[in-house]
Enquirer: 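Handing you this structure, nothing more for now.
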Amino acid sequence: MTCASPVRRSPPTRPTPCSTTRSASPRPGCSTTAPAWPPSTPPKDATSPVSTGSSFPAIRGGHDLVGNRGGEQFQLDAFGEALLLLAAAARHDRLDDDGRRAAETAAQAIDRRWREPDSGMWELSPRHWAHSRLICAAGLRAMARAGPSTARTARWTELADALIADTAAHSLHPSGRWQRSPGDPGLDGALLMPLVRGALPADDPRNAATLRAYTRRLTDDHFAYRFRHDGRPLNEAEGAFLLCGFAVALAQHRQGHEVEAYRWFERNRAACGPAGLYSEEYDVGLRQMRGNLPQAFVHALMLECAVRLNRPWGA
């Protein structure tokens with residue numbers, strides 16, 4: 001059996017290690033003078049920035065931002081992510097009594113608050129984000145599988161089932177894929193993470209439909225964007241998110257699409273600067289780094305890809 005070799009229209013060159021800071025952290029922006037183009041890295045949401053930082057000129061008209069309202073936001077998905085981490089510790093026999101209490105606390109918080117709108121993975125205006133509920137289901141399932149079957153793990157499994165059933169009732173697109181929220185039929189890179197983390201079996205048709213639609217509509221040259229902001233071309237609203245690119249690689253791997261998984265991994269792996277560090281975003285057209293630099297989550301997912309793609313999923 002033969003397989004096609006990866007198609008690369010133009011291999012990414014080492015990007016310029018200059019970057020605007022689009023997030024809320026007090027990091028300095030790049031002080032390189034650039035033409036007065038429209039800002040290329042808008043704030044995450046109208047509610048995010050608290051104040052503007054220095055007046056340093058920055059590439060493509062960007063600027064640094066100081067502070068955000070993250071401390072005031074409710075992000076339901078954080079409980080699911082915490083459970084996934086604790087479940088990984090349990091699988092390696094590293095979960096102590098404090099960790100078990102933390103897992104119970106996180107599960108209780110999900111049970112109490114999953115019906116509330118939250119700000120989600122991208123720290124946006126509160127809605128009933130599908131990703132938040134699905135990633136919590138993934139965390140609950142992971143914790144339930146990580147230890148012996150008990151009345152508590154049965155409750156966690158029942159709660160995960162309820163989260164998925166409610167999300168399917170309100171955030172399943174007519175085409176059979178997941179959509180961002182009950183009122184937003186769009187696609188979102190965040191919706192790939194529940195697929196990767198096991199909210200549903202790998203062969204669930206909703207997984208395949210979501211991955212297929214996302215790669216068709218929100219990617220360019222094997223780089224991936226978070227979501228569509230408006231009617232502008234994707235690259236005019238913000239840069240491609242390297243986190244999303246590595247998430248696609250993991251999702252393809254879990255679906256058994258090994259060639260595509262390696263294409264996505266290698267494409268996004270090459271988008272680092274001379275020091276080997278990754279920014280949050282990447283300008284596909286200009287081959288430049290954008291956003292936070294360095295971005296910890298990008299590095300974490302790149303390393304996870306490097307390990308997982310080296311063996312069959314679940315091995």
Side-chain angles (χ1 to χ4, degrees), residues 6-23 29-30 34 37-45 58-62 120-124 131 180 186-193 195-196 210-253 260-273 276-305:
V7 176
R8 297 175 185 260
R9 292 198 289 270
S10 55
T13 56
R14 287 294 184 196
T16 305
C18 250
S19 126
T20 55
T21 304
R22 65 178 298 283
S23 124
C30 170
W37 296 328
S40 58
T41 52
K44 294 178 184 177
D45 184 81
I59 194 165
R60 298 198 70 182
M121 177 175 174
W122 305 126
E123 302 174 8
L124 302 173
H131 159 264
R180 299 185 74 204
L187 290 153
D188 196 312
L191 292 169
L192 300 177
M193 295 312 298
L195 185 163
V196 170
T210 302
L211 178 59
R212 186 168 54 249
Y214 177 81
T215 54
R216 186 170 62 245
R217 300 180 189 174
L218 288 180
T219 68
D220 176 26
D221 203 12
H222 282 80
F223 290 103
Y225 293 84
R226 292 189 300 169
F227 50 83
R228 186 170 288 283
H229 289 261
D230 46 41
R232 289 175 293 170
L234 291 169
N235 66 335
E236 290 186 11
E238 65 181 8
F241 265 59
L242 297 179
L243 176 71
C244 295
F246 288 122
V248 174
L250 290 172
Q252 297 282 13
H253 183 46
E260 274 301 297
Y262 275 100
R263 283 176 177 171
W264 278 94
F265 173 65
E266 291 296 340
R267 195 60 160 160
N268 287 267
R269 185 182 66 84
C272 62
L277 298 176
Y278 294 92
S279 60
E280 185 176 33
E281 301 176 40
Y282 185 71
D283 189 311
V284 178
L286 296 179
R287 295 297 193 256
Q288 288 179 335
M289 303 164 74
R290 284 164 53 174
N292 292 340
L293 174 67
Q295 220 287 335
F297 290 126
V298 174
H299 291 79
L301 221 57
M302 184 276 292
L303 293 171
E304 181 179 353
C305 279

Enquirer: Using the benzene-type ring in the case of Trp, are the ring centres of His229 and Phe227 under 6.0 Å apart?
Expert: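 Distance test on ring centres: under 6.0 Å, yes.
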Enquirer: Can you tell me how far the CZ atom of Arg226 sits from the CZ atom of Arg180, to the nearest 0.5 Å?
Expert: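 Separation between the atoms: 8.0 Å.
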Enquirer: How many angstroms lie between atom CD of Gln252 and atom CZ of Arg263, to the nearest 0.5 angstrom?
Expert: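 Gln252 CD to Arg263 CZ: 9.5 Å, rounded to 0.5 Å.
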Enquirer: State, with a plain yes or no, whether a side-chain heavy atom of Tyr262 is found less than 4.5 Å away from one of His253.
Expert: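 No, their side chains stay 4.5 Å or more apart.
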Enquirer: With rounding to the nearest 0.5 angstrom, report the CG to CD distance, Leu211 to Glu260.
Expert: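 Here the interatomic distance stands at 9.0 Å.
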Enquirer: Kindly write out the residues that satisfy ring-ring contact (aromatic ring centres under 6.0 Å, His included) with His131, not counting sequence neighbours, or none if the list is empty.
Expert: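 None.
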Enquirer: Does any non-hydrogen side-chain atom of Arg269 lie less than 4.5 Å from one of Tyr278?
Expert: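 Counting from C-beta outward, Tyr278 and Arg269 do come under 4.5 Å.
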Enquirer: Roughly how far, to the nearest 0.5 Å, is the CD atom of Glu304 from the NE2 atom of His299?
Expert: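 Here the interatomic distance stands at 15.0 Å.
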Enquirer: If you compare all heavy atoms of Cys305 against all heavy atoms of Ala249, which two are closest, and at what distance to 0.1 Å?
Expert: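 Closest pair (atom of Cys305, atom of Ala249, distance): SG-CB, 4.0 Å.
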Enquirer: Give the minimum heavy-atom separation between Leu187 and Ala213, together with the two atoms involved.
Expert: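 What the structure gives for the nearest pair is CD1-O, 3.5 Å.
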Enquirer: In residues 239-248, what donor-acceptor pairs under 3.5 Å come from side-chain atoms, sequence neighbours left out?
Expert:
none

Enquirer: Starting at OG1 of Thr215, measure out to CH2 of Trp264 and round the result to the nearest 0.5 Å.
Expert: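 The distance works out to 7.0 Å.
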Enquirer: State whether the side chain of Asp221 and the backbone N or O of Phe223 hold a donor-acceptor pair below 3.5 Å, judged by distance alone.
Expert: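 No; zero donor-acceptor contacts below 3.5 Å.
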Enquirer: What closest approach, in Å, do Thr219 and Leu234 show between heavy atoms, and which atom pair accounts for it?
Expert: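 That closest heavy-atom pairing would be N-CD1, 4.4 Å.
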Enquirer: Check whether Arg228 reaches the backbone of Arg232 with its side chain - one donor and one acceptor, N or O, closer than 3.5 Å.
Expert: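 Yes, the answer is positive, given that a donor and an acceptor are paired below the 3.5 Å cut-off.
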Enquirer: Treating Ser279 as the side-chain partner and Arg290 as the backbone partner, does any N or O pair qualify as donor plus acceptor under 3.5 Å?
Expert: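 Checked: pair present.
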Enquirer: Look up atom CG in Asp230 and atom CD in Glu236, then write down how far apart they are to the nearest 0.5 Å.
Expert: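 Going from the CG atom of Asp230 to the CD atom of Glu236 covers 9.0 Å.
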Enquirer: Does the side-chain contact (heavy atoms from CB on, under 4.5 Å) test come out yes or no for Val284 and Tyr225, once each step is laid out?
Expert: CA-CA 10 Å; Val284 178; Tyr225 293 84; 3.6 Å; yes
Enquirer: Apply side-chain contact (heavy atoms from CB on, under 4.5 Å) to residues Tyr214 and Leu191 and explain how you reach the verdict.
Expert: CA-CA 9 Å; Tyr214 177 81; Leu191 292 169; over 6 Å; no
